[in-house]
Amino acid sequence: MLSLRKRPGFAAALVALTWLGAGIARADVTLLNVSYDPTRELYEAYDALFAKHWQETKGEAVTIHQSHGGSGKQARAVIDGLEADVVTLALSGDVQQLADKANLIPRGWQDRLPNRSCPYTSTIVFLVRKGNPKGIKDWADLTRPGVAVITPNPKTSGGARWNYLAAWGYALRENGGSEEKAREFVRSVYANAPVLDTGARGATTTFVERGLGDVLITWENEAFLAETLGKGELEIVVPSISILAEPPVALVDAVARKHGTTELATAYLEYLYAPEAQELIAENHYRPSDPNVAAKYASKFPRIELLQIDRDFGGWREAQAKHFVDGGIFDQISVSK
Amino acid sequence: MTRAGSAAARRRSILPGFGITLGVTVTYLSVLVLIPLAALFFKTATLSWAEFLAAVAGPRALASYRLSFGAALAAAAVNAVFGLVVAWVLVRYEFPGRRFVDALVDLPFALPTAVAGITLTSVLAKNGWLGRWLEPHGVFIAYTPLGVVVALVFIGLPFVVRTLQPVLQDLERELEEAAATLGASRLQTFRRVLLPALRPALVTGFALAFARGVGEYGSVVFISGNMPMKTEIAPLLIVTKLEQWDYAGATAIAVVLLVASFALLLAINALQRWSRVEPAA
Amino acid sequence: MGEATAISTPVSADATRRGVSESAPVRWALTAVALLFLALFLALPLVAVFSHALADGLGVYWAAITEPDALSAVRLTVLVAAISVPLNTAFGVAAAWAIAKFDFPGKSTLVTLIDLPFAVSPVVSGLIFVLLFGAQGLLGPWLQAHDVKIIFAVPGIVLATSFITFPFVARELIPLMEEQGVEEEEAALSLGASGWQTFRRVTLPNIRYGILFGVVLLNARAMGEFGAVSVVSGHIRGVTNTMPLHVEILYNEYQGAAAFSVASLLALLAIATLAAKSALEWRIGRTGGAR
């Protein structure tokens with residue numbers, strides 16, 4: 001007769017299995033947001049805000065799971081089967097891949113939400129050590145010998161590609177549009193980079209935690225965050241020109257349909273544009289798209305001359321094909337170092 | 001009973017269970033190991049020869065092989081030398097805490113590679129415990145190939161020591177005494193009597209540490225700089241290509257690594273058979 | 001790997017005089033070199049883990065290891081080990097029985113094939129399962145059609161981990177059982193025992209410590225695997241992150257102390273593994289592998 005009392009080992013195994021199983025079973029409604037690297041803190045806060053909102057308006061408890069990593073890497077994961085209900089990536093080119101390579105979203109995805117599906121934008125700035133000992137003022141200083149530049153790998157990181165294009169754009173402008181000079185300029189910047197992390201957050205960790213490098217090229221939001229956490233040891237330097245970084249958000253139709261979460265996921269993305277969410281966004285150092293909230297926080301975000309991906313670089317399709325694919329300009333300058 | 005006697009007994013064995021155990025073994029092996037590995041070759045087959053060569057022999061790939069194989073070689077060599085000293089000391093000498101030190105040698109086997117990776121990096125980085133002493137002297141370990149070597153020395157340490165220890169224990173002291181009686185100095189005895197006897201085990205340990213080091217990822221990826229052409233290990237290049245949807249490229253490099261490691265594995269097995277067949281010193 | 005280390009005879013001044021050992025200064029020097037090398041490469045990292053973990057105080061330490069995502073990671077790690085350890089152990093015993101107790105053509109090839117996962121880089125181990133079960137992989141379309149999730153879900157992690165730890169128990173048992181030969185089993189059979197009875201009452205007690213030894217190593221590796229799991233996991237916090245992956249996440253989020261806190265749990269596991277391994281080696285050495 002199977003008596004649990006007489007078989008303590010068996011009873012213990014049952015308890016253990018139940019505990020293990022509890023971890024696997026998911027009773028309430030869930031959503032998976034696959035995001036890029038630096039947005040960890042933003043979405044931790046936003047997910048709580050949205051869950052509260054959903055509970056209040058629909059009376060339903062929702063659990064939102066997050067995955068973070070380099071934008072290119074995350075896009076690949078979703079194409080490979082990572083079942084994201086929504087993606088919040090670093091650039092529209094990566095989201096476009098979901099449409100092009102795996103038919104997960106419709107072609108016209110970017111116009112479904114306001115501001116070309118960008119509830120927040122950012123830009124690229126520099127982070128330096130307190131007192132700016134190397135005197136970094138602008139892009140040209142990054143090519144000086146003896147200056148160690150920290151920037152992530154454009155092949156995996158979205159932020160890295162914004163960094164690269166901002167540098168390229170600066171060089172083009174300074175050299176009257178000469179691509180040769182721009183190529184040489186970007187090559188010198190990367191020649192000064194001792195390490196290439198896979199994501200923007202990895203690069204920040206390298207600069208802040210491991211104390212490597214003299215200047216970090218990064219997202220503005222990341223620089224603000226690092227500055228607050230850096231305990232006064234870091235300063236932000238705003239270059240003369242930068243790029244308007246537009247990280248879009250998108251519903252992954254195929255997955256949401258399969259999970260039955262289309263309504264929830266759409267609400268999740270639309271709520272990002274609500275005033276309270278926009279305030280949260282600004283507090284987390286992202287430039288809000290809502291003009292009222294932006295006006296309120298105008299003093300926080302410096303005014304910089306901004307290049308734009310579509311106007312100045314022909315859009316992501318062209319930029320990706322020219323610079324970042326295998327054998328593109330980034331590969332060429334890496335090899336020639 | 002001698003090995004030959006055992007073998008003979010096995011051949012005419014009446015033991016049951018052969019069919020089922022062999023069946024289970026082969027099935028499980030095929031499903032878990034062979035078929036997934038075959039997927040690797042299937043994928044590579046979709047490449048043309050030109051594409052395969054471009055992926056496998058491109059400058060970035062070559063640089064990564066140089067680093068992975070080179071660092072693994074250097075680390076295995078360091079382990080061969082120091083591993084011999086450690087094994088010698090552990091087997092021949094007595095000192096307080098010897099049992100504890102002996103157990104500690106297996107730490108690289110037991111500790112997760114990621115933990116080893118972040119720990120070594122924080123210790124050797126500019127503001128780390130060791131890094132801050134070394135850096136003013138111009139010795140940079142973290143984010144350089146030297147850092148990769150250090151991580152691989154950690155990983156490969158037990159291989160040499162554990163391969164040498166049983167052989168050292170089994171060495172017959174009479175040979176050393178005979179050499180001493182004949183007037184050999186201790187160093188001569190070591191070079192001409194002991195070292196040849198230890199050589200098969202030393203080479204085997206070296207090869208094991210080398211093989212392990214070539215494919216190592218977790219402990220290296222934190223301390224290496226991941227700069228293409230300079231500090232990018234081959235496994236990381238595979239991951240990078242994977243993240244760029246270049247499956248075929250990633251697979252091609254994986255095949256190269258696999259073939260190299262498999263060749264090493266065969267060599268190691270042959271070495272071990274050779275050292276077992278040789279009469280004990 | 002896995003060889004028992006018995007205590008050897010200590011060296012004396014008499015041995016030096018007889019010329020079978022080094023002079024005392026040489027002995028001291030060698031010992032110092034060995035201990036310094038080990039202190040630098042082994043002891044220092046181990047101490048560093050715990051030191052960094054407690055750098056921000058016990059409060060942070062406790063919070064880090066009881067936080068929900070950390071607990072999920074622990075749960076997943078234990079689950080994966082709970083599946084791959086028994087599977088690979090059962091396989092190891094079956095393989096060792098077939099190989100050690102019988103002769104057949106292709107035996108040495110089989111042994112080499114069993115060793116294969118040792119030769120594969122962890123990243124490649126993960127890659128092959130993505131190639132097989134990923135959405136763009138060989139079986140991808142079929143899996144999607146039947147809504148079976150392997151990659152970026154727990155089954156994928158279990159598969160990758162099982163692949164990596166596949167040979168551990170087999171490798172321990174094969175030489176052990178070969179050394180033990182077939183006489184005892186044959187004697188039992190001739191006395192009328194059935195196959196199962198022979199296995200349970202004759203073989204199993206003989207190999208019991210070998211099995212435990214292999215299991216201890218297998219478990220340590222299964223719980224600590226990083227590279228392979230990193231490729232197949234989706235890094236979904238609280239769902240598909242094992243402890244090593246969680247450590248990486250914390251490390252990348254300015255939470256150094258928290259990362260090392262979770263890492264310290266793994267380090268404690270490592271120490272327990274070493275202790276268990278030592279105890280078992282002593283047992284095996286003492287009894288020559290037999291009961």
Side-chain angles (χ1 to χ4, degrees), chain B residues 1 6 9-11 13-18 21-22 24-25 28-29 32-33 36-37 39-40 43 82 85-86 89 91-94 102-104 106-107 110-115 118-120 123 154 162 165-166 169 173 176-177 180 186 215 217-218 235 238-239 254 257-258 261-262 265 269, chain C residues 1 3 5 8 10-11 19-20 22 27 30-31 33-34 37-38 41-42 45 48-49 91 94-95 97-98 101-103 112-113 115-117 119-124 127-129 131-132 138 162-163 166 181-182 185 189 195 220 224 226-227 244 247-248 251 263 266-267 270 273-274 277-278:
Chain B
M1 195 171 197
S6 292
R10 271 203 301 278
R11 248 172 270 123
S13 176
I14 52 160
L15 293 183
F18 177 65
T21 52
L22 189 65
V24 163
T25 303
Y28 192 65
L29 175 71
L32 189 61
V33 177
L37 282 174
L40 202 65
K43 190 71 193 179
F82 284 96
V85 174
V86 169
V89 168
V91 171
R92 290 285 178 105
Y93 304 161
E94 262 292 334
D102 190 45
L104 199 63
D106 279 325
L107 184 67
L111 193 68
T113 51
V115 175
I118 63 171
T119 313
L120 285 172
V123 165
F154 174 86
R162 292 309 191 212
Q165 273 175 311
Q169 263 154 231
R173 297 299 192 95
E176 293 173 64
E177 286 181 6
R186 194 64 191 143
Y217 179 75
I238 294 177
V239 172
L257 274 187
L258 185 66
S261 322
F262 190 54
L265 185 70
N269 279 351
Chain C
M1 189 171 107
E3 310 278 355
T5 54
S8 62
V11 158
V20 287
E22 307 67 62
R27 285 210 307 275
L30 285 178
T31 311
V33 167
F37 180 72
L38 291 178
F41 279 92
L42 296 184
V49 174
F91 159 77
W97 180 267
K101 307 287 185 192
F102 303 96
D103 257 340
T112 308
L113 285 178
D115 267 348
L116 209 47
V120 182
S121 166
V123 163
V124 177
L127 173 64
I128 56 182
F129 289 103
L131 288 179
L132 206 50
L138 288 172
S162 301
F163 178 94
F166 179 81
V182 296
E185 282 84 4
L189 280 170
F226 177 72
V247 168
E248 187 198 19
Y251 190 65
L266 290 167
T273 305
L274 291 181
K277 189 171 182 278
S278 281

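Chain identifiers are assigned alphabetically (A, B, ...) following the order of the sequence lines, protein sequences preceding nucleic acid strands; residue numbering begins at 1 within each chain.
Contact of Thr112(C) with chain B is made through backbone and side chain together, with heavy-atom distances under 4.5 Å. Heavy atoms closer than 4.5 Å to chain B are found in both the backbone and the side chain of Leu113(C). Using a 4.5 Å cut-off between heavy atoms, Tyr251(C) contacts chain B through its side chain alone, with no backbone atom that close. Only the side chain of Leu189(C) comes within contact range of chain B, with at least one heavy atom under 4.5 Å from a heavy atom of that chain. Heavy atoms closer than 4.5 Å to chain C are found in both the backbone and the side chain of Leu104(B). If you measure heavy-atom distances from Ser278(C) to chain B, the contacts under 4.5 Å come from the side chain alone. Both the backbone and the side chain of Leu107(B) come within contact range of chain C, with heavy atoms under 4.5 Å apart. Both the backbone and the side chain of Val49(C) come within less than 4.5 Å of a heavy atom in chain B. Residue contact with chain B, scored on non-hydrogen atoms closer than 4.5 Å, involves the backbone and the side chain of Phe163(C) alike. For a residue to count as touching a neighbouring chain, one of its non-hydrogen atoms must lie under 4.5 Å from one of that chain's; by this rule Leu266(C) touches chain B with backbone and side chain alike.
Taking the side chain as every heavy atom from C-beta outward, Tyr217(B) and Thr113(B) never approach each other to under 4.5 Å. Residues Phe226(C) and Val115(B) fail the side-chain proximity criterion, which asks for heavy atoms closer than 4.5 Å.
Residues Ala254(B) and Val124(C) approach most closely at CB-CG2, 3.8 Å, considering heavy atoms. Closest approach of Trp97(C) and Pro16(B) over heavy atoms only: NE1-O, 3.2 Å. The heavy-atom pair separating Asp102(B) from Arg162(B) by the smallest distance is O-NH2, 2.6 Å. The two residues Val24(B) and Ala94(C) come nearest to each other via the heavy atoms CG1-CB, 4.2 Å.
The OG1 atom of Thr21(B) sits 11.5 Å away from atom NZ of Lys101(C), with the distance rounded to the nearest 0.5 Å. The distance from atom CZ of Phe129(C) to atom CG of Leu40(B), rounded to the nearest 0.5 Å, is 11.5 Å. Here the CZ-CG distance, from Phe154(B) to Leu111(B), works out to 5.0 Å after rounding to the nearest 0.5 Å. Rounding to the nearest 0.5 Å places OG1 of Thr31(C) at 11.0 Å from CD of Glu94(B).
Chain B forms more heavy-atom pairs under 4.5 Å with one residue of Thr273(C), Leu30(C), Val120(C), Val33(C) than with any other, namely Leu30(C). Ranked by heavy-atom pairs shorter than 4.5 Å toward chain C, the options Leu120(B), Val33(B), Val123(B) are led by Val33(B). Ranked by heavy-atom pairs shorter than 4.5 Å toward chain C, the options Gly215(B), Ala39(B), Gly17(B) are led by Gly215(B). Counting heavy-atom pairs under 4.5 Å between each of Leu37(B), Leu258(B), Val85(B), Leu32(B) and chain C puts Leu32(B) at the top. By number of non-hydrogen pairs under 4.5 angstrom with chain B, the leading residue of Leu116(C), Leu138(C), Ile128(C) is Ile128(C). Annotation: maximal heavy-atom pairing with chain C below 4.5 Å, among Pro36(B), Ala114(B), Ser261(B), occurs at Pro36(B).
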